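What you are looking at is a predicted structure, and each value in this text was computed from that prediction instead of being measured. Residue numbers begin at 1 in each chain, while the letters A, B, ... track the order of the sequences.
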Number of protein chains: 2
Amino acid sequence: MSNKIPPIERCDCDVIHEEIVRQVKKKMPPEETLYDLAELFKVFGDSTRIKILWALDEAEICVCDIAYLLNMTQSAISHQLRILKNANLVKSRKEGKVVFYSLNDEHVKQIFEQGLVHISEENS
Amino acid sequence: MSNKIPPIERCDCDVIHEEIVRQVKKKMPPEETLYDLAELFKVFGDSTRIKILWALDEAEICVCDIAYLLNMTQSAISHQLRILKNANLVKSRKEGKVVFYSLNDEHVKQIFEQGLVHISEENS
DNA sequence: ACAACGTATGAACGATTGCTCAATCGTTCA
DNA sequence: TGAACGATTGAGCAATCGTTCATACGTTGT
(Lines give C-alpha, C1' and ligand atoms only; values in the text may rest on other atoms or scores of the structure.)
Protein backbone atom coordinates (compact mmCIF):
# COMPACT_ATOMS: atom_id res chain seq x y z
CA MET A 1 0.00 0.00 0.00
CA SER A 2 2.77 2.44 0.96
CA ASN A 3 5.93 2.71 -1.09
CA LYS A 4 8.21 4.78 1.06
CA ILE A 5 11.92 4.15 1.20
CA PRO A 6 12.81 1.32 3.59
CA PRO A 7 14.20 3.13 6.64
CA ILE A 8 15.21 0.02 8.55
CA GLU A 9 18.84 -0.76 9.21
CA ARG A 10 19.42 -4.36 10.13
CA CYS A 11 20.54 -4.67 13.75
CA ASP A 12 23.43 -6.82 14.96
CA CYS A 13 21.61 -9.53 16.83
CA ASP A 14 19.95 -11.07 13.83
CA VAL A 15 23.03 -11.93 11.87
CA ILE A 16 22.65 -15.13 13.83
CA HIS A 17 18.98 -15.51 12.85
CA GLU A 18 19.39 -14.63 9.21
CA GLU A 19 18.29 -18.08 8.09
CA ILE A 20 15.15 -18.15 10.26
CA VAL A 21 14.01 -14.78 8.98
CA ARG A 22 14.62 -15.85 5.41
CA GLN A 23 12.54 -18.99 5.86
CA VAL A 24 9.69 -17.21 7.64
CA LYS A 25 9.59 -14.60 4.90
CA LYS A 26 9.30 -17.37 2.32
CA LYS A 27 6.44 -19.09 4.15
CA MET A 28 4.37 -15.94 4.69
CA PRO A 29 1.29 -15.51 2.46
CA PRO A 30 1.37 -12.62 -0.01
CA GLU A 31 1.02 -9.10 1.34
CA GLU A 32 -2.41 -8.68 -0.25
CA THR A 33 -3.84 -11.79 1.39
CA LEU A 34 -2.72 -10.69 4.83
CA TYR A 35 -4.18 -7.26 4.18
CA ASP A 36 -7.53 -8.76 3.17
CA LEU A 37 -7.46 -10.96 6.24
CA ALA A 38 -6.95 -7.92 8.46
CA GLU A 39 -9.79 -6.12 6.68
CA LEU A 40 -12.09 -9.06 7.38
CA PHE A 41 -11.22 -9.19 11.08
CA LYS A 42 -11.61 -5.43 11.29
CA VAL A 43 -15.25 -6.01 10.40
CA PHE A 44 -15.57 -8.47 13.30
CA GLY A 45 -13.80 -6.05 15.60
CA ASP A 46 -16.86 -4.12 16.68
CA SER A 47 -19.37 -5.34 19.23
CA THR A 48 -22.33 -3.88 17.34
CA ARG A 49 -21.44 -5.86 14.24
CA ILE A 50 -20.70 -8.96 16.31
CA LYS A 51 -24.16 -8.71 17.83
CA ILE A 52 -25.78 -8.25 14.43
CA LEU A 53 -23.97 -11.27 13.01
CA TRP A 54 -24.82 -13.36 16.03
CA ALA A 55 -28.47 -12.41 15.75
CA LEU A 56 -28.55 -13.13 12.03
CA ASP A 57 -27.08 -16.53 12.70
CA GLU A 58 -30.27 -17.32 14.60
CA ALA A 59 -32.76 -15.90 12.13
CA GLU A 60 -33.43 -13.65 9.16
CA ILE A 61 -34.30 -10.28 10.69
CA CYS A 62 -35.37 -6.90 9.32
CA VAL A 63 -33.45 -3.69 10.01
CA CYS A 64 -35.87 -2.24 12.51
CA ASP A 65 -36.01 -5.50 14.46
CA ILE A 66 -32.24 -5.54 14.71
CA ALA A 67 -32.35 -1.95 15.90
CA TYR A 68 -34.93 -2.89 18.51
CA LEU A 69 -32.99 -5.97 19.53
CA LEU A 70 -29.77 -4.04 20.07
CA ASN A 71 -31.49 -0.91 21.35
CA MET A 72 -29.90 1.30 18.72
CA THR A 73 -31.12 3.62 15.98
CA GLN A 74 -32.08 2.31 12.56
CA SER A 75 -29.49 4.60 11.07
CA ALA A 76 -26.65 3.18 13.11
CA ILE A 77 -27.70 -0.36 12.26
CA SER A 78 -28.09 0.47 8.59
CA HIS A 79 -24.57 1.89 8.49
CA GLN A 80 -23.17 -1.26 10.06
CA LEU A 81 -25.19 -3.53 7.79
CA ARG A 82 -23.62 -1.80 4.82
CA ILE A 83 -20.17 -2.62 6.14
CA LEU A 84 -21.20 -6.23 6.71
CA LYS A 85 -22.66 -6.41 3.22
CA ASN A 86 -19.53 -4.95 1.65
CA ALA A 87 -17.58 -7.67 3.42
CA ASN A 88 -19.94 -10.25 1.90
CA LEU A 89 -20.91 -11.42 5.37
CA VAL A 90 -24.64 -10.71 5.03
CA LYS A 91 -27.19 -10.53 2.25
CA SER A 92 -30.49 -8.70 2.05
CA ARG A 93 -33.96 -9.41 0.74
CA LYS A 94 -36.58 -6.76 0.21
CA GLU A 95 -40.23 -7.40 1.02
CA GLY A 96 -42.26 -4.29 0.46
CA LYS A 97 -40.87 -1.55 2.65
CA VAL A 98 -39.07 -4.00 4.89
CA VAL A 99 -35.55 -5.26 4.21
CA PHE A 100 -34.59 -8.58 5.72
CA TYR A 101 -30.96 -9.43 6.36
CA SER A 102 -29.43 -12.85 6.77
CA LEU A 103 -25.99 -14.43 6.97
CA ASN A 104 -24.16 -14.96 3.72
CA ASP A 105 -21.37 -17.14 5.09
CA GLU A 106 -21.71 -20.31 7.10
CA HIS A 107 -18.18 -19.93 8.49
CA VAL A 108 -19.00 -16.90 10.61
CA LYS A 109 -20.15 -19.00 13.51
CA GLN A 110 -17.01 -21.14 13.28
CA ILE A 111 -14.78 -18.07 13.42
CA PHE A 112 -16.72 -16.91 16.46
CA GLU A 113 -16.34 -20.30 18.12
CA GLN A 114 -12.56 -20.18 17.71
CA GLY A 115 -12.52 -16.71 19.19
CA LEU A 116 -14.60 -17.85 22.14
CA VAL A 117 -12.17 -20.70 22.76
CA HIS A 118 -9.35 -18.19 23.05
CA ILE A 119 -11.33 -15.97 25.41
CA SER A 120 -12.30 -18.83 27.67
CA GLU A 121 -8.69 -20.01 27.88
CA GLU A 122 -7.67 -16.44 28.68
CA ASN A 123 -9.52 -16.61 32.01
CA SER A 124 -7.82 -19.63 33.47
CA MET B 1 -20.35 0.54 28.40
CA SER B 2 -22.67 3.48 27.76
CA ASN B 3 -25.73 3.98 29.95
CA LYS B 4 -27.74 6.59 28.11
CA ILE B 5 -31.51 6.43 28.05
CA PRO B 6 -32.82 3.96 25.47
CA PRO B 7 -34.04 6.18 22.64
CA ILE B 8 -35.55 3.43 20.52
CA GLU B 9 -39.26 3.28 19.89
CA ARG B 10 -40.42 -0.05 18.56
CA CYS B 11 -41.56 0.28 14.93
CA ASP B 12 -44.77 -1.19 13.56
CA CYS B 13 -43.40 -3.91 11.34
CA ASP B 14 -42.06 -6.04 14.12
CA VAL B 15 -45.25 -6.66 15.97
CA ILE B 16 -45.36 -9.60 13.61
CA HIS B 17 -41.81 -10.67 14.50
CA GLU B 18 -42.11 -10.18 18.23
CA GLU B 19 -41.58 -13.85 18.92
CA ILE B 20 -38.50 -14.18 16.73
CA VAL B 21 -36.83 -11.22 18.38
CA ARG B 22 -37.63 -12.60 21.81
CA GLN B 23 -36.09 -15.96 20.95
CA VAL B 24 -32.98 -14.46 19.35
CA LYS B 25 -32.48 -12.25 22.39
CA LYS B 26 -32.66 -15.31 24.61
CA LYS B 27 -30.11 -17.25 22.54
CA MET B 28 -27.54 -14.44 22.34
CA PRO B 29 -24.46 -14.78 24.57
CA PRO B 30 -24.09 -12.23 27.36
CA GLU B 31 -23.16 -8.67 26.43
CA GLU B 32 -19.74 -9.00 28.03
CA THR B 33 -18.81 -12.08 26.01
CA LEU B 34 -19.71 -10.41 22.74
CA TYR B 35 -17.72 -7.36 23.79
CA ASP B 36 -14.66 -9.49 24.56
CA LEU B 37 -15.06 -11.26 21.24
CA ALA B 38 -15.06 -7.93 19.41
CA GLU B 39 -11.99 -6.84 21.37
CA LEU B 40 -10.18 -9.99 20.29
CA PHE B 41 -11.03 -9.55 16.62
CA LYS B 42 -10.05 -5.90 16.85
CA VAL B 43 -6.54 -7.13 17.62
CA PHE B 44 -6.60 -9.24 14.46
CA GLY B 45 -7.92 -6.29 12.48
CA ASP B 46 -4.56 -4.77 11.62
CA SER B 47 -2.25 -6.09 8.94
CA THR B 48 0.89 -5.37 10.96
CA ARG B 49 -0.35 -7.52 13.81
CA ILE B 50 -1.58 -10.18 11.38
CA LYS B 51 1.90 -10.33 9.88
CA ILE B 52 3.53 -10.54 13.31
CA LEU B 53 1.24 -13.37 14.37
CA TRP B 54 1.77 -15.19 11.12
CA ALA B 55 5.53 -14.88 11.49
CA LEU B 56 5.46 -16.05 15.10
CA ASP B 57 3.45 -19.07 14.04
CA GLU B 58 6.51 -20.13 12.05
CA ALA B 59 9.16 -19.46 14.65
CA GLU B 60 10.14 -17.70 17.85
CA ILE B 61 11.56 -14.36 16.74
CA CYS B 62 13.16 -11.38 18.50
CA VAL B 63 11.80 -7.85 18.17
CA CYS B 64 14.46 -6.53 15.84
CA ASP B 65 14.08 -9.52 13.53
CA ILE B 66 10.34 -8.91 13.30
CA ALA B 67 11.06 -5.28 12.54
CA TYR B 68 13.50 -6.31 9.83
CA LEU B 69 11.07 -8.89 8.45
CA LEU B 70 8.22 -6.40 8.17
CA ASN B 71 10.44 -3.49 7.24
CA MET B 72 9.20 -1.38 10.13
CA THR B 73 10.77 0.40 13.08
CA GLN B 74 11.52 -1.46 16.30
CA SER B 75 9.30 1.02 18.11
CA ALA B 76 6.27 0.34 15.97
CA ILE B 77 6.73 -3.39 16.38
CA SER B 78 7.19 -3.07 20.11
CA HIS B 79 3.96 -1.14 20.42
CA GLN B 80 2.07 -3.79 18.49
CA LEU B 81 3.65 -6.62 20.45
CA ARG B 82 2.35 -5.03 23.63
CA ILE B 83 -1.17 -5.10 22.24
CA LEU B 84 -0.75 -8.73 21.23
CA LYS B 85 0.62 -9.57 24.67
CA ASN B 86 -2.26 -7.81 26.42
CA ALA B 87 -4.60 -9.96 24.36
CA ASN B 88 -2.71 -13.05 25.54
CA LEU B 89 -1.89 -13.94 21.95
CA VAL B 90 1.89 -13.89 22.35
CA LYS B 91 4.38 -14.47 25.12
CA SER B 92 7.94 -13.22 25.52
CA ARG B 93 11.22 -14.65 26.72
CA LYS B 94 14.23 -12.53 27.55
CA GLU B 95 17.74 -13.66 26.66
CA GLY B 96 20.23 -10.96 27.57
CA LYS B 97 19.31 -7.80 25.76
CA VAL B 98 17.21 -9.66 23.23
CA VAL B 99 13.51 -10.42 23.77
CA PHE B 100 12.05 -13.34 21.87
CA TYR B 101 8.35 -13.49 21.15
CA SER B 102 6.27 -16.54 20.35
CA LEU B 103 2.64 -17.52 19.98
CA ASN B 104 0.69 -18.14 23.16
CA ASP B 105 -2.37 -19.66 21.54
CA GLU B 106 -2.51 -22.57 19.17
CA HIS B 107 -5.90 -21.47 17.83
CA VAL B 108 -4.58 -18.37 16.10
CA LYS B 109 -3.75 -20.27 12.94
CA GLN B 110 -7.19 -21.89 12.94
CA ILE B 111 -8.89 -18.52 13.20
CA PHE B 112 -6.77 -17.32 10.30
CA GLU B 113 -7.67 -20.39 8.25
CA GLN B 114 -11.39 -19.73 8.72
CA GLY B 115 -10.86 -16.14 7.66
CA LEU B 116 -8.98 -17.23 4.58
CA VAL B 117 -11.82 -19.57 3.64
CA HIS B 118 -14.20 -16.63 3.68
CA ILE B 119 -11.87 -14.48 1.59
CA SER B 120 -11.35 -17.18 -1.01
CA GLU B 121 -15.10 -17.71 -1.33
CA GLU B 122 -15.54 -13.96 -1.70
CA ASN B 123 -13.70 -13.99 -5.01
CA SER B 124 -15.87 -16.47 -6.86
C1' DA C 1 31.65 3.65 35.49
C1' DC C 2 30.68 4.15 30.80
C1' DA C 3 29.42 3.28 26.05
C1' DA C 4 26.74 0.33 23.06
C1' DC C 5 22.78 -1.97 21.91
C1' DG C 6 18.06 -4.12 22.08
C1' DT C 7 13.79 -2.99 23.84
C1' DA C 8 9.98 -0.31 25.94
C1' DT C 9 7.35 3.80 26.64
C1' DG C 10 4.82 8.26 26.35
C1' DA C 11 3.58 12.32 23.80
C1' DA C 12 2.02 13.94 19.48
C1' DC C 13 0.27 13.54 14.94
C1' DG C 14 -2.66 12.33 11.07
C1' DA C 15 -5.99 8.93 9.75
C1' DT C 16 -9.86 6.17 10.60
C1' DT C 17 -14.01 4.75 13.09
C1' DG C 18 -18.90 4.63 14.91
C1' DC C 19 -22.43 7.26 15.99
C1' DT C 20 -25.99 11.16 15.46
C1' DC C 21 -28.70 14.12 12.87
C1' DA C 22 -31.10 15.65 8.96
C1' DA C 23 -32.45 14.71 4.55
C1' DT C 24 -33.77 11.51 0.94
C1' DC C 25 -35.33 7.27 -1.36
C1' DG C 26 -38.75 3.60 -2.18
C1' DT C 27 -42.85 1.31 -1.17
C1' DT C 28 -47.64 1.00 0.61
C1' DC C 29 -52.09 2.49 1.33
C1' DA C 30 -55.81 5.65 1.54
C1' DT D 1 -51.46 12.22 -5.29
C1' DG D 2 -49.76 12.54 -0.89
C1' DA D 3 -49.11 10.95 3.80
C1' DA D 4 -46.79 7.30 6.42
C1' DC D 5 -43.16 4.36 7.24
C1' DG D 6 -38.94 1.49 6.73
C1' DA D 7 -34.49 1.98 5.04
C1' DT D 8 -30.49 4.44 3.21
C1' DT D 9 -27.17 8.08 2.84
C1' DG D 10 -23.86 11.96 3.70
C1' DA D 11 -21.99 15.45 6.66
C1' DG D 12 -20.12 16.25 11.04
C1' DC D 13 -18.21 15.06 15.44
C1' DA D 14 -15.80 12.88 19.30
C1' DA D 15 -13.14 9.04 20.15
C1' DT D 16 -9.85 5.70 18.95
C1' DC D 17 -5.87 3.89 16.32
C1' DG D 18 -1.15 3.24 14.32
C1' DT D 19 2.90 5.32 13.55
C1' DT D 20 6.91 8.43 14.49
C1' DC D 21 10.00 10.69 17.44
C1' DA D 22 12.50 11.39 21.50
C1' DT D 23 13.63 9.38 25.58
C1' DA D 24 14.37 5.97 29.14
C1' DC D 25 15.24 1.22 30.71
C1' DG D 26 18.04 -3.02 31.14
C1' DT D 27 21.80 -5.81 29.92
C1' DT D 28 26.58 -6.58 28.04
C1' DG D 29 31.32 -5.74 27.51
C1' DT D 30 35.29 -2.72 28.25
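In this structure, CZ of Phe44(B) is placed 18 Å from C1' of dC17(D), rounded to the nearest angstrom. If you take CD of Glu39(A) and C1' of dT16(C), they are 11 Å apart, rounded to a whole angstrom. With rounding to whole Å, Ile50(A) atom CD1 is found 16 Å from dT17(C) atom C1'. Taking atom CD on Gln80(A) and atom P on dT17(C), their separation rounds to 11 Å, with Å as the unit. Between Ile83(A) atom CD1 and dT9(D) atom P there is a gap of 12 Å when expressed in whole angstrom units. One can place CG of Asp46(B) at 11 Å from P of dT17(C), the figure rounded to the nearest angstrom. Rounded to an integer number of Å, the gap from CD1 of Ile61(B) to C1' of dG6(C) is 16 Å. If you take CG of Asn86(B) and C1' of dT16(D), they are 16 Å apart, rounded to a whole angstrom.
If you check dC21(D) for Watson-Crick or wobble pairing at under 3.5 angstrom, you find it paired to dG10(C). The partner of dT9(D) is dA22(C), judged by Watson-Crick or G-U wobble contacts that both fall below 3.5 Å.
Residue Gln74(B) places none of its side-chain N or O atoms closer than 4.0 Å to OP1 or OP2 of dC5(C). The side chain of Thr73(A) places no N or O atom within less than 4.0 Å of a non-bridging phosphate oxygen (OP1 or OP2) of dC19(C). Within the structure, a side-chain polar atom (N or O) of Arg82(A) is placed less than 4.0 Å from OP1 or OP2 of dT9(D). Contact annotation: Tyr101(A) side-chain N/O to dG6(D) OP1/OP2 distance is not under 4.0 Å.
Residues Ser75(B) and Ser75(A) both approach DNA chain C. Their nearest nucleotides, taken by heavy-atom distance, put Ser75(B) toward the 5′ side. A residue-by-residue look at Lys94(A) and His79(A) shows that His79(A) has its nearest nucleotide of DNA chain C further toward the 5' end.
Nearest nucleotide to the Met72(A) side chain, out of dG26(C), dT9(D), dC19(C): dC19(C). Closest to the Arg49(B) side chain, of the nucleotides dG6(C), dT19(D), dG18(D), is dG18(D). Here dA7(D) is the nucleotide among dC5(C), dT7(C), dA7(D) with the atom lying nearest to any side-chain atom of Val98(A).
A cation-pi arrangement is found for Lys25(A) relative to Tyr68(B), the charged atom lying closer than 6.0 Å to the ring centre and inside a 45° cone about the ring normal.
Heavy atoms only, all atoms of each residue included: Ile77(A) and Ala67(A) are closest at CG1-CA, 3.7 Å.
Looking only at distances, no side-chain donor or acceptor of Arg49(A) sits under 3.5 Å from a matching main-chain atom of Ala38(B).
Remark: Lys27(B) NZ is loosely packed, at most 12 non-hydrogen atoms of other residues, nucleotides or ligands lying under 6.0 Å away.
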Steps toward side-chain contact (heavy atoms from CB on, under 4.5 Å) verdict (Leu89(A), Leu103(A)) | CA-CA 6 Å; Leu89(A) 290 167; Leu103(A) 278 197; 5.7 Å; no

